[in-house]
Amino acid sequence: MPGGVLGFGMAEPQEGPRTRPATSTSAQWRPGSWRDRPAQQLPIWPDANAAMAASSVLAGLPPLVFAGEARSLTEALGTVAAGHSFVLQAGDCAESFAEQGADSIRDKLKVILQMAVVLTYASGVPVVKIGRIAGQYAKPRSSPVERIGNVEMPAFRGHIVNDDAPVPAARVPDPTRMITAYHHAASSLNLLRAFTKGGFADLSQVHAWNQEFVATSAEGRRYEAIAEEIDRALRFMRACGVDLSAKAPIQQVDFYTSHEALLLDYEEALTRRDSLTGDWYDCSAHMLWIGERTRDLEGAHVEFLSGVHNPIGVKLGPTATAEEVLELCERLNPARIPGRLTLVCRMGVSKVTTLLPPIIRAVTDAGHPVVWQCDPMHGNTFTSEGGRKTRHFDDVLGEIRGFFAVHRAEGSWPGGVHVELTGDDVTECLGGVEDILEEQLPLRYTTTCDPRLNARQAIDLAFRVGELLRA
Ligand code: PEP
Ligand code: CO
């Protein structure tokens, strides 16, 4: 977690008189002003009073993150926007209430730390680390219903809304799940803070992050070689008399949390005014993003995130036009604060090189200091013959290569990647060094939503991205 101790005093959960203009262009912004806008992808709670009751319980609970931490992340992302560092954002597509044990969180963190080491080592560029973790519980869906066998039922919308069990009763939206989500997020965050600040993330532990099923693979051995080099460098520094125990950057890691700000009832209830600056922050995570399906300029999600001061992202799929993106930049970052806005491009491997250049030109010409990030997962999803959603490792890598090529040609900085992964040995994405085939998908397919890279595929990807960064 971030070391910054600024802004620990989060104040009133209810709004009060504004002392400074928010980032929003709208003077009308309030934590609840999104309610006056058209909203996509929100559940219809069967009992509106129960939803209000859950919101007021949440509004009385402590913030999960602090404003000063969110500001530190904006600053770190500002260095990415300026081309001096790289951002790795990674984690689950949909975190599950059923999988919140220490092992699952630790193993995801291990993979992210390993990827960051590989990227840093390969490129010499600092890596900002953000998890899709401790709050990634709400999912947008292409269809509001799903057919399982002969039964049609409401779609699964993430554990913060309903259950994924394939029976209609489980799919009824239940607002008390928002309170459960808060408590899961709090305990995950607590463990992450302990892991990242309490010794587990110490660089001298770099070997311990290599899980056994990874260590025996080609990617794992390549990682071990880097770990050995890092060990040697640390031994060298100690031998030279450097006291590494006094060096926070060696012993601890700044690790931030993020999720899609989809379920606005939940996000509103966790939005608090910072007592230091008077600004509003969504204290459910350090960074929040707007999904591809909810980036409507006049819609509720853009309205809500326009007024909170966290660093935010917007997903840009293949239908995004340069005009729309410019307007999003104006609405979401009118003050042009570097690091405030990340554009998460997820065009698909076949489209990235044609669709991205006009968008980059428009944003650059307008002088918006954005972070350009590539999500190589969501534009490359397809359904296998066996009926499982999957992605091919080659398409994932291919979109990243296209993203880098476009930025090199435009003279802009390919600032980061955004990937879905797990620390487990799953078989959800095809290909990779071990070449997972379609018939192997059912072996260990455990995601409740999109297919994730397994730990070996994720580390393999980090090596490839490291090579692109160095080129
Ligand atoms: C996601 O990140 O899981 C997601 C649903 O992405 P997108 O909004 O880009 O489709
Ligand atoms: Co996803």
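Order of listing sets the numbers, starting from 1, for every ligand and every atom in it. These numbers come from the heavy atoms of this one structure, side chains and all, not from hydrogens, waters or symmetry mates.
Within the coordination shell of the Co ion (ligand 2), defined by N, O or S atoms under 2.8 Å, C93 is present.
Here the angle centred on the Co ion (ligand 2), running from OD2 of D450 over to OE2 of E420, is 140°, rounded to 10°.
No side-chain donor-acceptor contact under 3.5 Å links H309 to the backbone of D279. Formation of a donor-acceptor pair under 3.5 Å by the W413 side chain with backbone atoms of A81 is not found in this model. No donor-acceptor pair closer than 3.5 Å links the side chain of R272 to the backbone N or O of D282.
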Kindly print each ligand 1 N/O atom paired with any protein N/O atom under 3.5 angstrom away, one pair per line, or none if nothing qualifies.
residue, atom, partner, partner atom, Å
ligand 1, 2 (O), R132, NH1, 2.9
ligand 1, 2 (O), R132, NH2, 3.3
ligand 1, 2 (O), K315, NZ, 2.8
ligand 1, 2 (O), H378, NE2, 3.4
ligand 1, 3 (O), R132, NH2, 3.0
ligand 1, 3 (O), K139, NZ, 2.7
ligand 1, 3 (O), H378, NE2, 2.9
ligand 1, 3 (O), E420, OE2, 3.0
ligand 1, 6 (O), K315, NZ, 2.8
ligand 1, 8 (O), E292, N, 2.9
ligand 1, 9 (O), K315, NZ, 2.9
ligand 1, 9 (O), R346, NE, 2.7
ligand 1, 10 (O), R293, NH1, 2.9
ligand 1, 10 (O), R346, NH2, 2.9

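For R336, the salt bridge (Lys or Arg N to Asp or Glu O under 4.0 Å) partners at least two apart in sequence or on another chain are E330. For E323, there are no salt bridge (Lys or Arg N to Asp or Glu O under 4.0 Å) partners, not counting sequence neighbours.
Closest N/O/S atom of H378 to the Co ion (ligand 2): NE2.
Screening E420, E95, E260 for a salt bridge (charged side-chain N to carboxylate O under 4.0 Å, His left out) involving R132 leaves a single residue, E420.
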Show every donor-acceptor pair shorter than 3.5 Å between a side-chain atom in residues 459-467 and any protein atom, with sequence neighbours excluded, or say none if there are none.
residue, atom, partner, partner atom, Å
D460, OD1, R464, NE, 3.0
E467, OE2, R222, NH2, 2.7

